[in-house]
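These numbers come from the heavy atoms of this one structure, side chains and all, not from hydrogens, waters or symmetry mates. Residue numbers start from 1 in every chain, and the chains themselves are labelled A, B, ... in the order their sequence lines are given, proteins ahead of strands. Owing to the predicted nature of the structure, the values given are computational and were not obtained by experimental measurement.
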Protein chains: 2
Amino acid sequence: MSGMSGRAAQSQRALMGVRDLIVSGELRAGTRLSELTLVERLGISRTPLRAALAQLGQEGLVEAIPSGGYAVRSFSREEVIDAIELRGTLEGLALRLAAERGVAPARMGELTRLLEGIDEALKGDVADMNFDGYVDLNAAFHEKLWGLASQTIRREIERVTSLPFASPSAFLDKQANVEAFRRSLYGAQTQHRAMVEAIALREGSRAEALAREHARLARQNLEFVLDQDRSLIRRVPALSLVVG
Amino acid sequence: MSGMSGRAAQSQRALMGVRDLIVSGELRAGTRLSELTLVERLGISRTPLRAALAQLGQEGLVEAIPSGGYAVRSFSREEVIDAIELRGTLEGLALRLAAERGVAPARMGELTRLLEGIDEALKGDVADMNFDGYVDLNAAFHEKLWGLASQTIRREIERVTSLPFASPSAFLDKQANVEAFRRSLYGAQTQHRAMVEAIALREGSRAEALAREHARLARQNLEFVLDQDRSLIRRVPALSLVVG
DNA sequence: CTCTTGATTTCTGTATACAGGTGGTATTTT
DNA sequence: AAAATACCACCTGTATACAGAAATCAAGAG
């Protein structure tokens, strides 16, 4: 079996497969990843699997063992907080540069339209909002926002975001439809609007500060889960990797 | 030949070998990297070479070609500027967190001692400073500075810094001993002192701003080379990858 | 019973064989 | 002569074979 349709199809399959095994919690933090076991489980050969492990090592989801091979990484609360702060900082950089350098009106229009869509999803009160709709629109909004940055910076944002608990939709999984999270969405949308406005007004510093503060919502949600309601841990993907 | 001394010794050799070929300019921007050619040139087999290429792809020095394989990436002036801005932002984050969270006195002492060493190297005027000494001490200082950050953030800084022209010592290569660069070192040292002071005084915002501005020295040097004296391009490693 | 030591088993890192696809070239056709 | 097509060489992605190094387990000594 060689030269399948997509470019490096087996490697992609391996990457997704292993990532899924980790994020879903089937492979717990600290577990050593046996290549042969994974090869058998995923039905691929060692070469693309090793490529996937190397990539996951770069992403930070697994770490190299000095004596050889890889292990599922575990994250302390502080490390997760730093990863969130890191994302906020990078998004802040992206928005500051976008504001300073200017954004084409067409793109601003697309952002505004997404904002209106989110408003629509939030219509009504906490009980009967369209949570699933919000999740999708929020993801689309953030992606468009990143699209304002240059390739160099977008690449970094995407890398940091590949850590599942640092992503802006980490606590917006459809499985995590919890009132505590839903309540935070109104404030989030206020921040969305302010960010777009700051970019339109070329207020770089304000846009940067807003992006940082916006990312800290994830930190609030994280601390809520860890300190207030640990039962939610298994409803948020990859939070099983967080110890303490 | 298998299982040499270090962990993945051949892969390391491949990584350094290919990186050198690119940075030294032997492989020009846009060149397609033929695996067989490189294998022959470096005296290793395809497997570790492919691992190296994948890593260089992550670092951004090479880019994947849709139809397969990799090519040496080329960087526009804007992309280089963004990479420098990115480094400054990350270093700013590291310093801000260090200032906010506090640093053990022992570590502050090490930084102060390095500062004094740099002062010593700068003694005298522009003509008879100890340039080579500065280069080494500056590298050590920056590394210690990064060491203040958490692993999560340090990893990102190291990744961005792996782009040779974004590194803080990009224009401090011993081959690039040019008066224009030497003159900038006095201002740089003033910033070094201010950064350490800001951390000691827990002035997070100031430390962050200083780190950003400090990184922009690299931007100044870049623009000097590109606009004032292009003959320096071949004296600064990897600047041959910058087009325009 | 515990600790050390030796052998075995398993694993990773490396080399290489294989198959399909891509790009280039030469030939043919219009 | 220009364009289209068929053929060929090369190259990448994948699978697998191999060798040295760990880790594990068992047996023996203290």
- request: Look at the side-chain N and O atoms of B:Arg7 and state whether any lies under 4.0 Å from the OP1 or OP2 oxygen of C:dG13.
  value: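 Answer yes for this pair, as a side-chain N or O of B:Arg7 is under 4.0 Å from OP1 or OP2.
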field: Candidates C:dT14, C:dG13, C:dT22 - which lies nearest the side chain of B:Ser67
entry: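 Closest nucleotide to the B:Ser67 side chain: C:dT22.
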field: Side chain of B:Leu36 - closest among D:dT12, C:dG13, D:dG13
entry: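 Closest nucleotide to the B:Leu36 side chain: D:dT12.
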task: Could you pick out which residue, A:Ile65 or B:Arg32, lies toward the 5' side of DNA chain D when each is mapped onto its nearest nucleotide?
output: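 It is B:Arg32 whose nearest nucleotide is closer to the 5' end.
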In this structure, how many angstroms lie between the [atom2] atom of [N] and the [atom1] atom of [X], rounded?
| X | N | atom1 | atom2 | result |
| --- | --- | --- | --- | --- |
| B:Leu42 | C:dT14 | CG | C1' | 15 Å |
| A:Gln10 | C:dG21 | CD | C1' | 15 Å |
| A:Glu35 | D:dA15 | CD | P | 14 Å |
| B:Leu49 | C:dG13 | CG | P | 17 Å |
| B:Ile44 | C:dT14 | CD1 | P | 9 Å |
| B:Glu40 | D:dC11 | CD | P | 11 Å |

A:Arg77 atom CZ, over 12 foreign heavy atoms within 6.0 Å: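 Yes, enclosed.
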message: If you count every heavy atom of other residues, nucleotides or ligands that lies below 6.0 Å from B:Arg32 atom CZ, does the total exceed 12?
response: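 Check passes, neighbour count above 12.
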Inspect the contact between [Y] and [X] and indicate whether a charged nitrogen and a carboxylate oxygen are less than 4.0 angstrom apart.
| X | Y | answer |
| --- | --- | --- |
| A:Glu79 | A:Arg73 | yes |
| B:Glu59 | B:Arg159 | no |
| A:Glu85 | B:Arg96 | yes |

- prompt: Among residues 52-63 of chain A, which residues get a heavy atom nearer than 4.0 Å to DNA chain C?
  reply: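 Of all residues in residues 52-63 of chain A, none places a heavy atom under 4.0 Å from DNA chain C.
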- prompt: Under 4.0 angstrom, heavy atoms only, what part of the nucleic acid is A:Leu33 near: base, sugar-phosphate, or nothing?
  reply: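 The residue A:Leu33 makes sugar-phosphate contact but no base contact.
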query: Which part of the nucleic acid, if any, lies within reach of A:Thr47 when heavy atoms closer than 4.0 Å are counted: base, sugar-phosphate only, or nothing?
result: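 Counting heavy atoms under 4.0 Å across all strands, the contact made by A:Thr47 includes a base.
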task: Please determine which of B:Leu232, B:Val225, B:Val178 meets the side-chain contact (heavy atoms from CB on, under 4.5 Å) test together with B:Phe171.
output: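 So the option named by the test is B:Val225.
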- prompt: On a plain distance test, is the side chain of A:Arg46 in donor-acceptor contact with the base of C:dG13 below 3.5 Å?
  reply: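 A donor-acceptor contact between them is present.
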message: Distance alone, cut at 3.5 Å: any donor-acceptor contact between the side chains of B:Trp146 and B:Glu91?
response: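 A donor-acceptor contact under 3.5 Å links the two side chains.
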